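Just so it is clear, the structure is predicted and the values come from calculations on it, not from any experiment. In what follows, chains carry the letters A, B, and so on, assigned in the order in which the sequence lines appear, proteins first and then strands, with residues in each chain numbered from 1.
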Number of protein chains: 2
Amino acid sequence: MAESILDSLRAGGKKLTKPRKAILAILEQSSLPITVAEIADQLKKARAAVDLVTVYRNVAMLQELKLVNPVGLHEGQMRYEVCHGREHHHHIQCRGCGQIVDLMLCPLKKLTELVERKTKFAIDGHVLEFFGWCPQCR
Amino acid sequence: MAESILDSLRAGGKKLTKPRKAILAILEQSSLPITVAEIADQLKKARAAVDLVTVYRNVAMLQELKLVNPVGLHEGQMRYEVCHGREHHHHIQCRGCGQIVDLMLCPLKKLTELVERKTKFAIDGHVLEFFGWCPQCR
DNA sequence: ATGATAAATGCAACTCACTTGCAACTTGGA
DNA sequence: TCCAAGTTGCAAGTGAGTTGCATTTATCAT
């Protein structure tokens, strides 16, 4: 069975503090990318007093370990989602209500190879997001 | 012949002020997306004293008129490029030196239709950027 | 041309996401 | 149980982008 996130943290020499576990729990419960402020809100509701700074630092650390993925929808703040153990995918966001929907697909493998041949870059990442109007808002 | 940017501005009831024309000239000279700070730098070099705020406001206005396109590469600031009269395309950025290269292609037409069928969204935009290492940095 | 008017500019002050410095506190291993 | 390394919270800072307002400028009708 695959290594859990907690195992990955231990392997990275990270400590499993109470705030850190609470932050991780919220990220793992969320099926859609969430913001640092949303994480902090949920922590407050769960009676776990964790400073905003601590959320920022943990999210940055989880990103470095490639356990969470940043998702930038140009809303003025970043979102984050667990990628460890989940399928690589993309999103669509409604310009009206802001709702985000997962697209369980990534059509970019062949295109990435094409771009690598054309540009001689070694590609190791990409961003693909769609925007539009959901059935309720259009 | 196609309507020029200046014509579009006039049609939108916008005035052609000296600062505005200077900002537009810089955007049109740039073949790659540039930041507001870079525009202001170039204005200063060209001896055109234009306030940063004015650049921000003009870029926002040009965006509303769909004459320039925002390009967010998650560098902590936005970039902008003229889209009026230019082919829709995407970019690749080097994680080492930050250099940006235009990719003169967009492979998303069919995919957009597929996503519309799947999600029932009316899609009117997308973001696609590649990241990796250029030949010099890798 | 000229004067009215609506839009645009510049300045200063502000907002807000995110970062940094530092002292105090946990965690996990010896 | 003790200690070192890692982590946290608080306060203060950074920097992109925005807003309010008085002044200036382009445009249009006369």
Legend entry - Upstream residue (5' side of DNA chain D) when B/Pro19 and B/Val53 are each assigned their closest nucleotide: B/Val53
Inset, instruction - Name the residue closer to the 5' end of DNA chain D, choosing between B/Lys14 and A/Lys14 according to the nucleotide with the nearest heavy atom. - result: A/Lys14
Legend entry - Shared hydrophobic cluster, A/Ile34 / A/Tyr56 (ILVMFWY, side-chain heavy atoms < 4.5 Å): yes
Legend entry - Same cluster (ILVMFWY, side-chain, under 4.5 Å), A/Trp133 and B/Phe121: no
Let me know the distance between [atom1] of [X] and [atom2] of [N], rounded to the nearest Å.
{"X": "A/Gln77", "N": "C/dT19", "atom1": "CD", "atom2": "C1'", "result": "17 Å"}
{"X": "A/Glu38", "N": "C/dC18", "atom1": "CD", "atom2": "P", "result": "11 Å"}
{"X": "A/Leu43", "N": "D/dT8", "atom1": "CG", "atom2": "C1'", "result": "13 Å"}
{"X": "A/Asn58", "N": "D/dG6", "atom1": "CG", "atom2": "P", "result": "15 Å"}
{"X": "B/Leu6", "N": "D/dA26", "atom1": "CG", "atom2": "C1'", "result": "14 Å"}
{"X": "B/Leu9", "N": "D/dA26", "atom1": "CG", "atom2": "P", "result": "15 Å"}
{"X": "B/Leu16", "N": "D/dT27", "atom1": "CG", "atom2": "P", "result": "5 Å"}
{"X": "A/Arg79", "N": "C/dC18", "atom1": "CZ", "atom2": "P", "result": "11 Å"}

Below the 4.0 Å mark, does [N] have OP1 or OP2 next to a side-chain nitrogen or oxygen of [X]?
{"X": "A/Thr54", "N": "D/dG9", "value": "yes"}
{"X": "B/Thr17", "N": "C/dT9", "value": "yes"}
{"X": "A/Arg20", "N": "D/dT8", "value": "yes"}
{"X": "A/Tyr56", "N": "C/dT19", "value": "no"}

Inset, instruction - Indicate, with a heavy-atom threshold strictly under 4.0 Å, whether B/Ala49 touches base, sugar-phosphate, or nothing. - result: sugar-phosphate
Inset, instruction - Could you work out which one of D/dT8, D/dA16, D/dG9 sits closest to the side chain of A/Val50? - result: D/dG9
Legend entry - Closest to the B/Met78 side chain, choosing from D/dT27, D/dG20, D/dG17: D/dG17
Side-chain-base donor-acceptor pair under 3.5 Å for [X] and [N]:
{"X": "A/Arg57", "N": "D/dG6", "answer": "no"}
{"X": "B/Lys15", "N": "D/dT27", "answer": "no"}
{"X": "A/Arg10", "N": "C/dG28", "answer": "no"}

Inset, instruction - Indicate whether any N or O donor in one side chain lies under 3.5 Å from an N or O acceptor in the other, for B/Gln42 and B/Gln29. - result: no
Inset, instruction - Applying side chain to side chain contact (heavy atoms under 4.5 Å, CB included) between B/Leu27 and each of B/Ile5, B/Leu62, B/Leu67, report the one that passes. - result: B/Leu62
Legend entry - Test of ring centre spacing under 6.0 Å for A/His90 and B/His126: no
